[in-house]
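Some notes on the structure that comes next.
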Amino acid sequence: MDRTAISGATRFVAVMGRPVTHSLSPLIHNAAFAALGLDWICVACDVAPEHCGDAVRGIRALGIAGMSVTMPHKHTVLAQLDELSPDAARLEAVNCIVNDGGRLVGLNTDGDGFVAALRADLGLSPQGLRCAVIGAGGAARSVILALSRHGASRVAVINRTVANAQVAAALSPESFVGSESDITTADLVVNATSLGMAGTNASGEGQVHPCDPALLHSGQAVVDLIYNPLRTSWLDAAVAAGAVGANGISMLVHQAAVAFTAWTGLAAPVEAMNRAVGEHLAVVAGSGPDGEKS
Ligand code: NAP
């Protein structure tokens, strides 16, 4: 990167989180700015929980064009914002802030990113699909809401902790707490748990699959939101059973693409963003069994 090209006119966006060193947001957004020849940069800010409010007020004070928000700040930032998108308000979680002339608008781009990825990877629309989402955390909730909003006929929520499944299932009229039989009968099965993620099974013990792969079969589409490793053994097993499958890279890129457009007003160069993250993760995959946390 040519740092001498950064001038007083350069616009900047940032990602705030803790830890944030391994965030892929700077890589993806800088690839996008470069692809379009924009005089913009993205940097990462390690923000302690007690400084979250100061950091958000700093967006306005410093004229930062936009901010990606990651853990542990996705909920805490809500109180500092002037406006929330319907998804961010419903999910009570913000992953993107737009500085609209000093007015700070909070978005949650994960759900739209997931739906765009489904279309790009598998040529699928949620319209009329019977879906099973395994998991009930932040990613699962975004996916459940997006699937419902885009016309899924039903969304079964299956999760280790039933109380969390109940909260997630309350997000839409189409979603309910489901069981293994809903996985078998689903057109689309999504792993939104962290099971299978690099570094989560260091001991080699315990469950590594979000569900028994024997429940999966041909005629189904299976998406694993995990992208590190690029392919989990669960996704491999689903494809071996005849399902069509996709990993989480495309969602990662498309949620960033929605943020890019919200900040710049321009269509995102998705191909360049995909290439940058794909090349990076391929290098990480070759670096060791657990790779690098992302
Ligand atoms: P989260 O809020 O911490 O939720 C974690 C989920 O995993 C919960 O449902 C939790 O169940 C479940 N879980 C964790 N350990 C488990 C175990 N040992 N057995 C059974 N269930 C277990 O995390 P998140 O932010 O939603 O992220 C979830 C996954 O999605 C991660 O792998 C993350 O990398 C991925 N993700 C991908 C993208 C993308 O763009 N591709 C975006 C966001 C997240 P309990 O409720 O029982 O604890």
Side-chain angles (χ1 to χ4, degrees), residues 15 17 19 22-25 27-29 68-75 87 91-96 108-118 120-121 132-146 156-169 171 175 177-178 180 183 189-212 222-235 245-260 270 273-274 277-278 280-281 284 290-294:
V15 50
H22 299 304
S23 168
L24 295 179
S25 287
L27 175 95
I28 296 172
H29 287 297
S68 283
V69 181
T70 186
M71 296 307 288
H73 306 304
K74 287 186 173 188
H75 177 72
D87 271 14
L91 295 164
E92 297 184 21
V94 161
N95 73 345
C96 169
N108 192 309
T109 66
D110 276 340
D112 285 342
F114 174 79
V115 170
L118 200 59
D121 284 353
V133 175
I134 310 172
R141 293 177 200 199
S142 303
V143 168
I144 292 162
L145 189 59
V157 183
I158 299 102
N159 190 53
R160 173 180 61 178
T161 307
V162 175
N164 294 341
Q166 286 167 339
V167 172
L171 278 168
S175 49
V177 178
E180 285 192 345
I183 297 175
V189 182
V190 181
N191 173 34
T193 74
S194 44
L195 283 169
M197 198 163 80
T200 57
N201 191 35
S203 67
E205 294 166 5
Q207 185 191 4
V208 292
H209 288 153
C211 76
D212 184 347
V222 172
V223 178
D224 197 331
L225 298 193
I226 292 172
Y227 48 82
N228 181 17
L230 288 168
R231 288 187 78 86
T232 60
S233 58
W234 181 77
L235 185 58
N247 68 10
I249 287 189
S250 194
M251 172 176 168
L252 178 73
V253 166
H254 279 95
Q255 62 78 27
V258 176
F260 179 94
V270 172
M273 297 162 93
N274 242 323
V277 73
H280 172 81
L281 289 172
V284 168
D290 281 354
E292 178 186 330
K293 280 190 182 162
S294 46

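One-based numbering, in listed order, for ligands and for the atoms of each. Bear in mind the structure is a predicted one, so any value in this text is a computation, not a measurement.
Checked by atom type and distance alone, the side chain of N108 never pairs as donor or acceptor with a backbone atom of D87 at under 3.5 Å. With hydrogens and angles disregarded, a donor-acceptor distance shorter than 3.5 Å links the side chain of N247 to the backbone of L230. At least one donor-acceptor pair under 3.5 Å links the side chain of S175 to the backbone N or O of A169. Using a distance-only test at 3.5 Å, with no hydrogens or angles considered, a donor-acceptor pair links the side chain of T109 to the main chain of Q255. Judged by distance alone, the side chain of H75 and the main-chain N or O of E92 form a donor-acceptor pair under 3.5 Å.
When non-hydrogen atoms are compared, ligand 1 lies under 4.0 Å from the side chain of M197 (C-beta onward) but not from its backbone. Under 4.0 Å from ligand 1, heavy atoms of T193 appear from its side chain as well as its backbone. Contacts with ligand 1 closer than 4.0 Å are made by no heavy atom of A165, backbone or side chain. Contacts between N159 and ligand 1, counted as non-hydrogen atom pairs separated by less than 4.0 Å, involve the side chain only. When non-hydrogen atoms are compared, ligand 1 lies under 4.0 Å from the side chain of I226 (C-beta onward) but not from its backbone.
The N/O atoms of G138, backbone and side chain alike, include one that comes under 3.5 Å of an N/O atom in ligand 1. Geometrically, ligand 1 and D110 share no nitrogen or oxygen pair separated by less than 3.5 Å. In terms of polar-atom proximity, Q255 is not counted as a contact of ligand 1, lacking any N or O under 3.5 Å from an N or O of the ligand. Residue A192 has no nitrogen or oxygen atom sitting less than 3.5 Å from a nitrogen or oxygen atom of ligand 1, judged on distance alone. No N or O atom of L195 sits closer than 3.5 Å to an N or O atom of ligand 1. For ligand 1, the polar-atom distance check against G135 finds no nitrogen or oxygen pair separated by under 3.5 Å.
The heavy-atom pair separating C211 from I183 by the smallest distance is CB-CD1, 3.8 Å.
Per-residue contacts place N164 under 4.0 angstrom from the following atoms of ligand 1 (heavy atoms of the residue considered): 45 (P), 46 (O).
With contacts defined as side-chain heavy-atom distances shorter than 4.5 Å, the pair L225/F114 qualifies.
With A256, G248, A139, S142 as candidates, the residue nearest to atom 27 (O) of ligand 1 on a non-hydrogen basis is A139.
Partners of D112 according to the side chain to side chain donor-acceptor pair (under 3.5 Å) rule, which considers only residues two or more places apart in sequence or in another chain, are R149.
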Intermediate values then yes/no, side-chain hydrogen bond (donor to acceptor under 3.5 Å, both in side chains), N159 and T161: CA-CA 5 Å; N159 190 53; T161 307; 4.6 Å; no
